[in-house]
Amino acid sequence: MPIASAAASVALEGFELRVLHLPLVAPFTTSFGTETVREVIVVRALTSDGDGWGEIVTMAAPLYSSEYTQSAWDVALRWLAPALLDRGRLAPEEVASVLAPFVGHRMVKAGLELAVLDAALRSEGRALGEYFGAVRDRVPSGVSVGIQRDPAALVDAVGGYLDEGYARIKIKIKPGRDIADTAAVRDAFGAITLQVDANSAYTLADVDTLAELDRFDLLLIEQPLQEDDLVDHATLARRLRTPVCLDESIVSAKAAADALALGAASVINIKAGRVGGYLEAVAIHDLCRDAAIPVWCGGMLETGIGRAANAALAALPGFTLPGDVSASSRFYTRDIVTEPAVLEDGHVRVPTGHGLGIEIDPVALEDFTVVRETLTR
Ligand code: OSB
Ligand code: MG
């Protein structure tokens, strides 16, 4: 289901970029590191028809992907924002083609595109979900649980999220913290919907360990091998009963089509930042739906900006598995929007206001800002 009707064009006047530091409610540990503060870039598109907001989901260090805060900041200000500003008037659907000559830097492209899209839809009085073709007014909410001190602490953490009503649990694993952790959660909570995420921490040499996970009836295993190991993922998938889901490897609709053709994945995690924008994300949704491949919406510890956009994306019909679209309180005690996403009966509501359907809390935005720069035409 491609976008039914294009958004209005906007007359771009500038971009305001900010680096924010948002404290996390608790440290978040994955196979690639521990985060205690979410460093993120917020984009404000300044147009003659009003402002729009976007979020560049890079992290402080290039550990999840090659992008990181300072690379994003540099390429946005030096190359990508100027290329868009040169165009003057443009429609959100043109952002990707204007930025296509610049190789990579997909999270930056996604954040800039979202800000333009928000401005355009706000000016038209249209909601992002409606623009995408949302078929739900709320989406089931899964939670991503970091590696804890030991399996007992993991069981405690998971128990808390289940009490809150989360519809699906994902636990992070890494070599040495896989079988016992998964066993502890399965033993403690029985038939909950459970999946694991390795964030590229294994190689094909670990196939026997990974095959041990088969006995836990997991919904899927996410990104066991490296980003560019598509053939190895296909080999691994043939050796496992647990479905293989790709995250890091899926950097575009083309990469998704290639992964499916190779048999490297039977489920796909769609993250707009990783694939260069929400419109590319919709394209991946569309091709997976045609191929009867289930998809779910991934997360990057988004602020209220990206969290609203993710809820709208996850409301498309092909998102048949719960996503990492949690309540804001999963990561933050204070968000930068006036009405942070909350959990209601295991779901998060799809905003219906114009554009992203959120309002920025200017005091919170200011309080979390550590650097700011504005580029004008
Ligand atoms: O691999 O899905 C991932 C967070 C940062 C980087 C990568 C990942 C994650 C998460 C958290 O798992 C997802 C979220 O709830 O936002
Ligand atoms: Mg992942």
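What you see below is based on every heavy atom in this structure, not just the backbone, and it leaves out hydrogens, waters and symmetry mates. Start at 1 and go down the list; that is how both ligands and their atoms are numbered. Starting from 1, each residue takes its place in the sequence as its number.
Comparing R274, M300, K172, K271 against atom 10 (C) of ligand 1, the shortest heavy-atom distance belongs to K172. Of the listed options S144, G306, G299, G299 places a heavy atom closest to atom 9 (C) of ligand 1. One option in V57, V145, L63, N199 has a heavy atom closer to atom 1 (O) of ligand 1 than any other, and that option is N199.
Looking at T242 and D214, their side chains do bring a donor and an acceptor atom within 3.5 Å of each other.
Looking at E227, its side chain never comes within 3.5 Å of a backbone N or O of D229 through a donor-acceptor pair.
In summary, E222 places an N/O/S atom under 2.8 Å from the Mg ion (ligand 2), meeting the contact criterion.
The minimum heavy-atom distance linking M107 with E67 is given by the pair N-OE2, 2.8 Å.
Assignment of E222 to the shell around ligand 1 is supported, since a heavy atom sits closer than 4.0 Å. By the 4.0 Å heavy-atom criterion, K170 is counted among the residues contacting ligand 1.
Contacts with ligand 1 closer than 4.0 Å are made by side-chain heavy atoms of D247 only, the backbone lying farther away. With a 4.0 Å heavy-atom cut-off, ligand 1 is reached by no atom of V143.
Inclusion of L301 in the set of residues having an N or O under 3.5 Å from an N or O of ligand 1 is warranted. For ligand 1, none of its N or O atoms has an N or O atom of E248 under 3.5 Å away.
Within 6.0 Å of the CZ atom in R215, the count of heavy atoms belonging to other residues, nucleotides or ligands exceeds 12.
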**Request:** Determine, step by step, whether R307 and S326 satisfy the side chain to side chain donor-acceptor pair (under 3.5 Å) criterion, reporting the C-alpha distance in whole Å, the side-chain angles of both residues, the deciding distance to 0.1 Å, and the verdict.
**Result:** CA-CA 8 Å; R307 206 163 286 277; S326 54; 3.1 Å; yes
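A salt bridge does not link E344 to R138: none of the charged nitrogens lies less than 4.0 Å from a carboxylate oxygen. A salt bridge links E359 to R122: one of the charged nitrogens lies within less than 4.0 Å of a carboxylate oxygen.
Partners of R168 according to the salt bridge (charged side-chain N to carboxylate O under 4.0 Å, His left out) rule, which considers only residues two or more places apart in sequence or in another chain, are D324.
D197 contributes atom OD2 as its closest N/O/S atom to the Mg ion (ligand 2). The Mg ion (ligand 2) lies closest to atom OD2 when only the N/O/S atoms of D247 are considered.
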